[in-house]
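Below is one structure, written out as structure tokens; comments come after it.
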Protein chains: 2
Amino acid sequence: MRTIGEAAKASGVSAKMIRHYESIGLLPKVQRTGAGYRLYDESEVHALRFIHRARSLGFPLETIRQLLALWRDRRRSSAVVKKLATAHVADLETKITEMQSMVKTLKHLAHHCHGDERPDCPILEDLAGDNANAETCRHL
Amino acid sequence: MRTIGEAAKASGVSAKMIRHYESIGLLPKVQRTGAGYRLYDESEVHALRFIHRARSLGFPLETIRQLLALWRDRRRSSAVVKKLATAHVADLETKITEMQSMVKTLKHLAHHCHGDERPDCPILEDLAGDNANAETCRHL
DNA sequence: CTTGACCTTCCAATGATTGGAACCTCCATC
DNA sequence: GATGGAGGTTCCAATCATTGGAAGGTCAAG
């Protein structure tokens, strides 16, 4: 049995987050000492590590809630798990694509910016939308 | 002079967001009609379009605040603008790299998951940390 | 003069995390 | 036994950007 601080160290999830996960029902309420201190056994620390790993892969908490339920369900079908994972991959890839597009545009603009003491700046011109050569600059 | 709804349509920023930007001081308080309706002139709509474009490039509002100030400052140096842009690009690239790493791991795990009615699932095994072949699976 | 579209303000929720205040408890040391 | 410090407890608030809704005021057309 470990206190919340020990469970935090053992799982990689901060004590603050452990309490938070409990408050939103991601984790069941654990045993308490007479003084009200939370006590975690090995299986609870295991669940915390599960959450920690899932978070490090970017899964949102609501998905982690489902993954935890599947993990505990011996009669689960791996198809459901795989569906959650591939949907998450799709989300990530959408965001990656968006950000790559931003980077591409920004790098192009920065490339054409002198970056000196003068005020002329293609970056601001683009943001202001008053760039004369919009066709040239917008569709990179 | 346009009402907030017209300014929203003209700029791409929702009326809700225009009020919000005003409330946090990103935009100055604008003129009002006798009834208290906000009125936007062309230069204010221009600033809204500026913000809209900057948001679409992923700039955080605090950076947009600085960009707006620079835009209005005729004695700005383009170096400062460029610095803000390249710092933002660095932020984006960091996040992209992180997400790509997640995608790589998830795709690897999903690839090894049958995705059928059976409960065996390498994805859950990885999350649970109880995969026998961790070396094989973890450093992809 | 009513209807509907628009405007106003204020409060709250999202998602994940962090910070702090105010307080309690355990253990060791003087 | 008193004291101090580390660690536990709860609750409230902030971050970041956006959205939703309630409750109410205003304006135009029918």
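We name chains A, B, ... by the order of the sequence lines, and we start the count at 1 in each one. For the numbers below, each heavy atom of this structure counts, side chains included, while hydrogens, waters and symmetry mates do not.
- Using a 4.5 Å cut-off on side-chain heavy atoms (C-beta onward), B:R76 and A:L124 make contact.
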Inset, instruction - Take B:K107 and A:E93, measure what side-chain contact (heavy atoms from CB on, under 4.5 Å) needs, and give me the verdict at the end. - result: CA-CA 11 Å; B:K107 279 193 166 174; A:E93 286 182 328; 2.8 Å; yes
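- Hydrophobic clustering (ILVMFWY, side-chain heavy atoms < 4.5 Å, transitive): A:Y37 and A:Y21 are in distinct clusters.
- Comparing A:I4 and B:M17 along DNA chain D, the residue whose closest nucleotide (by nearest heavy atom) sits nearer the 5' end is A:I4.
- In this structure, A:E6 places its CD atom 12 Å from C1' of D:dA6, rounding to the nearest Å.
- When rounded to the nearest whole Å, the span between NZ of B:K16 and P of C:dA12 equals 14 Å.
- Between B:Y21 and D:dT18 there is a side-chain polar atom (N or O) within less than 4.0 angstrom of OP1 or OP2.
- The distance from atom NE2 of A:H20 to atom P of C:dT18 is 11 Å, rounded to the nearest whole Å.
- Classification of the B:W71-B:H46 ring pair by plane angle, with boundaries at 30° and 60°, yields perpendicular.
- For A:T3, the side-chain atoms get nearest to D:dG8 when compared with the rest of D:dT18, D:dG8, C:dT8.
- Distance, B:I24 CD1 to D:dT19 C1': 15 Å, rounded to whole Å.
- Closest approach to the A:L61 side chain among C:dT18, D:dT18, C:dA16 is made by C:dA16 (side chain taken as heavy atoms from C-beta onward).
- No side-chain heavy atom of B:I4 sits less than 4.5 Å from a side-chain heavy atom of B:L39.
- Going from atom CG of B:D91 over to atom P of D:dA17 covers 12 Å, rounded to whole Å.
- Atoms NZ (A:K9) and C1' (D:dG7) sit 10 Å apart, rounded to a whole Å.
- When rounded to the nearest whole Å, the span between CZ of B:R55 and P of D:dC16 equals 12 Å.
- Look at B:R38 and you'll find a side-chain N or O under 4.0 angstrom from OP1 or OP2 of C:dT9.
- The residue B:R19 sits close to a base: some heavy atom pair falls under 4.0 Å.
- Here the P atom of nucleotide D:dA17 and the CD atom of B:E62 are 7 Å apart, to the nearest Å.
- DNA chain C lies under 4.0 Å from at least one heavy atom of each of the following residues of residues 29-37 of chain A: A:A35, A:Y37.
- There is a side-chain donor-acceptor pair under 3.5 Å between B:D116 and A:S78.
- Residue A:F59 forms a side chain to side chain contact (heavy atoms under 4.5 Å, CB included) with just one option from A:D91, A:L67, A:I51, and that option is A:L67.
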